[in-house]
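Following: one structure in structure tokens, then a few remarks.
Throughout, protein chains are lettered first and strands after them, A, B, ... in sequence-line order, and every chain is numbered starting at 1.
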Amino acid sequence: MANTASQTPALEISKLQAWYGESHVLHGIDIVVQPGEVVTLLGRNGAGRTTTLRAVMGLTGARTGSIKINGVEAINLSTHRIAHLGIGYCPEERGIFSSLSCEENLLLPPVLKTGTPGMSVEEIYELFPNLAERRNSQGTRLSGGEQQMLAVARILRTGAKLLLLDEISEGLAPVIVQALARMITMLRAKGYTVVMVEQNFRFAAPLADRFYVIEHGTVVQKFSSSELESRMPILNQLLGI
Amino acid sequence: QEKVTIGFITDMSSLYSDVEGKGGAEAIQMAIDDFGGKALGQPIKLLTADHQNKADIAAAKSREWVDTEGATMLFGGTNSGTALAGAKVAQEKKVVYMNSGAGSSALTNAACSPYTIHYAYDTVALAKGTGGAIVDTGGKSWFFLTADYAFGHALEKDTSAVVEAKGGKVVGAVRHPLNASDFSSFLLQAQSSKAQVLALANAGGDFINAVKAAKEFGIDKTMKVAGLLVFLSDVHSLGLKNTAGLQFTTGWYWDKDAESRAFAEKYNAKMKRMPTSIQAADYSATMTYLKAVEAVKTTNADKVMEYIKKTPINDMYAKNGIVRPDGRMEHEMYLVEVKQPAESKKPWDYLKIVKTLPGATVFTTKAESTCALWK
Amino acid sequence: MNFKNLAALGYGLLLVGLLAAPFLGVYPVFVMKLLCFALFAAAFNLLLGYVGMLSFGHAAFLGGAAYVTGEALKVWGFTPEVGLLLGTASGALLGLIVGFFAIRRTGIYSTMITLALAQMLFFVALQAPFTGGEDGLQAVPRGKLFGLLSLKNDLVLYYVVLVIVVAAFLLIVRTVHSPFGQVLKAIKENEPRATSLGYDTNRFKLLAFVLSAALSGLAGALKTLVMGFATLSDVHWTASGHVVLMTLVGGLGTLSGPLIGAAVVVMLEDKLGEIGQFLTDTTRIEWFSTLGESVTMVTGLIFVICVLAFRRGIMGEIIAWLQRRRGEGKL
Amino acid sequence: MEIFGVSLPGLLSQLLLGLVNGSFYAILSLGLAVIFGLLNVINFAHGALFMMGALVTWMAMNYLGINYWVMLVVAPLVVGLFGVVTERLLLRWIYKLDHLYGLLLTLGLTLLIEGVFRSIYGVSGLRYDTPELLSGGTNLGFMFLPNYRAWVVVASVTVCIATWFVIEKTKLGAYLRAGTENPRLVEAFGVNVPVMVTLTYAFGAALAAFAGVLSAPIYQVSPLMGQNLIIVVFAVVVIGGMGSIMGSILTGLGLGVIEGFTKVFYPEASSTVVFVIMVIVLLIRPAGLFGKEN
Amino acid sequence: MSDFILETRNLTKEFKGFTAVSDVTLNVQRHTIHALIGPNGAGKTTCFNLLTKFLEPTSGSIRFNGRDITREQPAQIARRGVIRSFQISAVFPHLTLIENVRVGLQRKLGTSFHFWRSARSLHQLDDRAMHLLTEVGLEDMADEVTVNLPYGRKRALEIATTLAMEPELMLLDEPTQGMGHEDVDRVTELIRKVSAGRTILMVEHNMKVVSTIADRITVLQRGAVLAEGPYEEVSVNPDVMEAYMGSTDAQLQGAH
Ligand SMILES: Nc1ncnc2c1ncn2[C@@H]1O[C@H](COP(=O)(O)OP(=O)(O)OP(=O)(O)O)[C@@H](O)[C@H]1O
Ligand SMILES: Nc1ncnc2c1ncn2[C@@H]1O[C@H](COP(=O)(O)OP(=O)(O)OP(=O)(O)O)[C@@H](O)[C@H]1O
Ligand SMILES: [Mg+2]
Ligand SMILES: [Mg+2]
């Protein structure tokens with residue numbers, strides 16, 4: 001596991017606070033993710049996990065604190081600049097564009113100048129055969145699950161090495177969930193860094209190197225996969241697993 | 001002590017604001033100043049408002065001026081709907097109503113009132129003036145391009161009657177919506193009618209764009225273009241190049257004689273443009289009213305009207321004008337033609353008077369009148 | 001004092017003010033005109049604020065009814081109450097026709113259908129022989145209410161109009177707080193859900209449309225009675241635009257907003273010149289006296305400011321402010 | 001040969017003239033559709049921008065002696081720049097709100113702009129002469145076609161097609177279309193959406209101004225010249241299907257032609273016909289001719 | 001009356017050449033919980049849309065309680081007692097909880113078009129509304145505005161509103177999607193509770209939920225019925241495993 005202190009973290013969040021309009025949602029989040037790690041954020045509904053990812057992307061209202069991406073401070077950068085630091089973001093609500101076809105949706109995110117090429121369209125279609133079949137359909141005419149696949153597939157092309165994935169197993173058939181699990185394992189093997197928000201603990205548990213539990217906009221627990229067994233009781237209490 | 005208060009309401013901000021508008025208010029103010037600023041020993045007050053071409057605003061304002069400001073004379077402006085509404089208010093409130101901007105002949109016919117004085121022109125006068133004169137000079141077959149509005153219809157109907165009465169023929173007409181902007185299609189229809197005269201029974205922007213398109217399509221080479229409702233501001237805006245040779249009828253032209261020139265220069269010094277015939281009429285009408293008040297020593301509308309109706313008007317606007325029982329101010333009108341660019345010697349030197357049309361020949365006659373007050 | 005009482009106090013004061021207005025030197029005809037537009041705006045708001053349907057053709061109901069009433073009073077010689085009834089009925093009928101088509105579509109498309117149908121009515125009004133073209137239908141007599149009470153006197157007419165407008169306004173308030181209003185609210189919030197609960201949402205929307213149109217018709221009919229004419233500007237699309245502005249300036253979806261909005265807009269139209277003159281006299285800045293010719297410009301400026309600075313509208317902002325204060329009071 | 005009492009050459013010439021007017025509709029509604037597409041704003045100020053294009057052209061000629069051809073490029077730039085300022089200063093704040101507010105804001109803006117110019121230039125308008133190169137006309141046998149009108153059709157169709165191509169067939173176009181739906185997400189993919197939005201508005205404004213320049217020699221240049229156009233153009237966009245680029249181009253041209261024929265057969269109704277068509281189209285196709293239903 | 005509350009015969013829906021639902025013959029037994037599962041894009045949501053007439057079937061027929069309802073309007077079908085929930089939550093966000101439920105109850109009063117009647121006349125429904133809120137455990141929040149509710153509670157409210165319609169048949173589209181574990185359990189329990197005396201047809205990807213409460217399962221694939229039967233039977237069907245469940249391992253775990 002890549003955990004040498006000398007390395008620059010892929011993502012280093014400290015004292016992150018964020019607001020939606022007047023409601024204060026994040027109250028100081030601290031998260032460090034090393035390159036090549038898979039980290040999962042756990043928590044109840046409304047705990048602020050989605051908001052954490054959105055805050056990293058600069059999609060919330062106001063935010064304060066520090067967000068370093070590969071060592072670059074991003075708290076004051078605008079959203080599109082943040083993306084260019086090498087992040088791929090898959091939103092919870094999927095964000096499939098209805099005025100674009102399935103394939104246009106897939107090709108939409110610009111390839112980032114990160115130096116590493118992303119997956120090719122062929123590779124992606126191999127991973128998600130549904131998409132190949134529906135490639136000329138209007139984006140939002142896809143079924144709920146197909147849209148979810150498309151949302152994930154879309155950011156694999158850009159060459160972004162740090163992926164923020166929000167509830168990607170949501171609404172997918174078990175077979176596809178298994179395929180996604182294999183995909184994440186493969187991505188890690190390829191050196192991607194992944195931050196996942198997951199409700200589906202059984203999906204996330206075998207994949208992640210480390211876990212953070214968020215409650216009311218702060219981190220209340222953090223532990224690595226090796227500590228998972230011992231933490232089960234407390235997780236049970238926090239999340240009702 | 002009685003006090004003279006004049007309430008002037010016209011279009012100050014849109015379609016018709018160039019022919020009267022602020023300039024009209026200025027002309028009225030000039031008349032007041034020239035009169036000495038006082039009547040019956042009291043300062044004369046002028047109220048102005050923009051009716052935005054809405055009759056309800058015109059009527060409400062007029063009413064309010066009479067009720068709360070003690071207006072003794074209401075001066076209505078362009079736009080027939082507002083004028084008719086205003087005249088109605090004046091009649092109900094028994095105050096003098098003057099108007100020089102609106103063209104509707106209804107003001108002195110079906111809707112005539114003992115308190116209305118329609119001062120400058122109306123559709124009948126324009127029809128008779130232009131129609132008659134052009135048939136006389138050989139324009140026998142006519143095609144109308146008519147704004148699909150009451151004033152357009154009235155112009156077309158009245159002019160057709162004159163043309164036919166004089167032995168001419170109307171070969172066709174096309175009615176276009178107000179603010180039609182593109183006239184090429186209508187003009188081609190006019191052209192294929194093979195008529196000699198193209199009569200434009202429309203006004204303002206429609207007239208201007210129609211003339212421009214006629215020039216562009218070379219219609220003016222095969223047909224004689226006659227404007228039925230044209231003002232100096234229209235000619236100014238189109239330029240002589242586009243309008244040379246155009247004939248129309250007007251009640252006044254600034255370069256008509258020394259008197260009118262004197263007024264025009266004074267006006268020009270203030271407004272940086274020459275007055276239109278309506279603005280000149282505004283001045284004259286105000287003078288007429290003020291003189292009457294001073295003469296009868298009261299603002300009582302009945303007395304003032306009585307005096308005005310029996311006193312001929314002679315000033316820079318009208319020669320031997322008389323206000324008839326139906327409220328129409330009958331005066332000379334002029335058939336004018338737009339000069340060729342080469343003929344124009346100075347700024348605003350646009351028109352030459354082709355023919356003087358005596359008042360009795362251009363306005364509604366007693367026989368034609370539908371006004372109950374003139375029977 | 002709680003919110004409800006405050007509102008009741010506000011309405012009470014307004015009503016007392018209106019009752020006493022003619023005796024306080026306020027010009028009754030102007031207030032009547034204001035009342036007509038206030039009713040028009042309130043009727044419009046019933047549709048936009050409470051059903052979420054934006055009609056851009058309300059001029060058709062105002063103007064259509066204005067012509068019918070004018071015709072009834074002037075040509076057919078009916079008494080005013082019959083004229084008003086006919087006007088309202090014609091508003092309702094037009095509303096039924098326009099609404100029938102408009103509810104079949106949603107959003108901007110529905111709005112455009114209302115605009116288009118209203119434009120067709122405008123065309124009819126322009127072409128039809130009885131409307132008098134741009135001269136309008138003039139000199140409509142006020143007549144005698146029930147053949148007995150002469151409305152010639154401004155003051156008498158004023159109280160008649162006031163009673164009618166207040167009654168109509170109460171009807172609107174009641175409609176909003178009725179079982180019907182409750183369903184409308186649900187439809188506005190989530191139409192598919194309302195459908196799945198068994199409501200035939202189109203019929204509810206249609207009834208709301210007809211109600212709004214009928215009341216707009218009443219406003220138009222009253223306006224004819226008060227002013228004595230009906231003209232094209234009542235059926236022109238700008239009148240539809242005007243009522244949108246009144247509602248937004250006053251506060252969309254608030255009961256009192258349209259009243260205030262109508263007052264502000266009508267005042268602007270009618271009184272800006274005087275306000276300008278007053279400002280010139282007090283500040284000695286000559287420029288203000290040109291305000292009278294700049295009604296459209298000032299109106300434009302107000303819209304811009306309204307949208308940028310207080311988009312909840314006047315009443316909307318006041319209510320929000322009161323609620324905030326109440327919220328803080330709790331803490 | 002006659003059709004309904006009108007000769008065939010007569011009809012042909014009306015068709016051609018209809019196309020000329022249609023070109024103006026097309027180019028104006030195109031701009032409106034582009035702006036609506038990305039900004040979700042119903043740009044009521046489009047008529048005013050059109051007017052500014054014409055007026056700027058006139059001013060350049062009269063105050064600076066700059067000719068038509070230069071202004072064909074410069075006027076859209078100037079008005080586009082005005083668009084940039086407007087978008088940054090005003091429109092920026094209302095994107096998340098209902099259409100109504102955009103409508104109100106741009107309407108207010110229109111009243112302001114028109115008011116300012118009206119108080120300077122009056123309402124009768126200013127004259128602008130046809131450029132030397134395009135004056136005169138060609139006799140087509142069935143009609144005399146002023147060269148300038150032919151030029152209008154060519155110029156605007158070219159601009160329309162170029163715009164359509166960019167939006168429907170290029171990557172930039174895909175960003176635009178996606179940005180229309182979810183600008184924040186497109187930004188999260190690394191696209192500079194705020195700049196894109198600003199430039200889109202500027203582009204829409206420039207299109208309007210381009211139409212304005214084209215119209216200056218045909219119509220009188222007047223502060224109110226855009227006032228009556230806006231409602232029709234708006235109707236065109238709706239008939240074509242809100243946000244559909246090809247829809248507004250084709251509908252614009254088509255409507256010009258239909259209006260042209262109406263001018264022959266029932267001239268009084270020529271400004272109402274667009275609304276009749278709109279109602280019929282919307283009843284048959286809920287999202288306009290080319291719009292996508294969702 | 002037949003034993004089946006809902007029967008479809010050869011139900012088919014085509015979208016421009018793409019067949020989303022093909023020849024589906026589905027029989028839902030009265031007083032059971034029937035689950036519709038299948039891979040993504042199998043046509044489950046489309047099926048629901050057809051049953052409630054939010055979409056027009058290309059061909060085939062739908063019978064409810066033995067009566068052909070293929071040609072009826074959505075609102076009409078709702079009034080017959082077929083009520084659906086949506087894949088995304090469907091509440092009236094700016095009404096209070098009790099008002100939400102009352103909208104469901106109000107129709108039966110027959111005064112819904114009475115714009116002249118006071119809204120106070122609706123208070124007679126409050127008891128019934130509170131009762132329904134209690135049933136889903138929301139009684140202490142009756143006067144809150146719905147927007148402020150957590151997701152799971154909104155789902156519960158939706159069910160309460162649906163119950164107000166006294167539905168004979170409830171169609172639930174992924175009722176537990178996007179919920180935390182606690183909420184999943186709560187809603188599962190709730191569905192079981194309200195199924196008493198009713199019939200429920202639900203789409204669900206969460207196998208744990210399906211396995212605990214579904215009496216019968218129909219598996220769709222590419223728009224067509226792949227298998228049907230009780231969970232134990234279907235879950236070991238090799239076709240189903242390949243198309244939907246994936247490895248046996250996952251089946252044992254359930255997807256969640
Ligand atoms: N756009 C918004 N405006 C205001 N409040 C918001 C907004 N989005 C989320 N919130 C609030 O912020 C809090 C945290 O929400 P967030 O979406 O981050 O939760 P989450 O942990 O991802 O949970 P979930 O399982 O529901 O996705 C919640 O209380 C939510 O109500
Ligand atoms: N309006 C439409 N036009 C064209 N294709 C559609 C439309 N609606 C759905 N489809 C297609 O029909 C298929 C079935 O879609 P449906 O939404 O019913 O799937 P589903 O079984 O609910 O899947 P999921 O579990 O992913 O929600 C999908 O492939 C989808 O792309
Ligand atoms: Mg989340
Ligand atoms: Mg689905």
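Neither the backbone nor the side chain of A:Leu164 comes within contact range of chain D; no heavy atom of the residue lies under 4.5 Å from a heavy atom of that chain. Contact annotation for A:Leu112: only side-chain heavy atoms (C-beta onward) come within less than 4.5 Å of a heavy atom of chain D. Neither the backbone nor the side chain of A:Arg81 has a heavy atom closer than 4.5 Å to any heavy atom of chain D. Contacts between A:Ser99 and chain D at a heavy-atom distance below 4.5 Å involve backbone atoms as well as side-chain atoms.
Contacts with chain D were tallied for A:Leu85, A:Leu108, A:Leu100; A:Leu108 has the most, counting heavy-atom pairs under 4.5 Å. Heavy-atom pairs under 4.5 Å with chain D were tallied for A:Pro91, A:Pro109, A:Gly139; the largest tally goes to A:Pro109.
Listed for the D:Lys171 side chain is no donor-acceptor partner under 3.5 Å among the backbone atoms of A:Pro110. At least one donor-acceptor pair closer than 3.5 Å links the side chain of D:Arg184 to the backbone N or O of A:Gly58. No donor-acceptor pair closer than 3.5 Å links the side chain of A:His80 to the backbone N or O of D:Glu187.
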Quiz item: How far apart are the C-alpha atoms of A:Cys90 and A:Ile168, what are their side-chain angles, what is the distance that settles it, and do they pass the side chain to side chain contact (heavy atoms under 4.5 Å, CB included) test?
Solution: CA-CA 8 Å; A:Cys90 174; A:Ile168 53 166; 3.9 Å; yes

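Taking A:Phe211 as the reference, A:Phe223 meet the ring pair (Phe, Tyr, Trp, His ring centres under 6.0 Å) condition, with sequence neighbours excluded.
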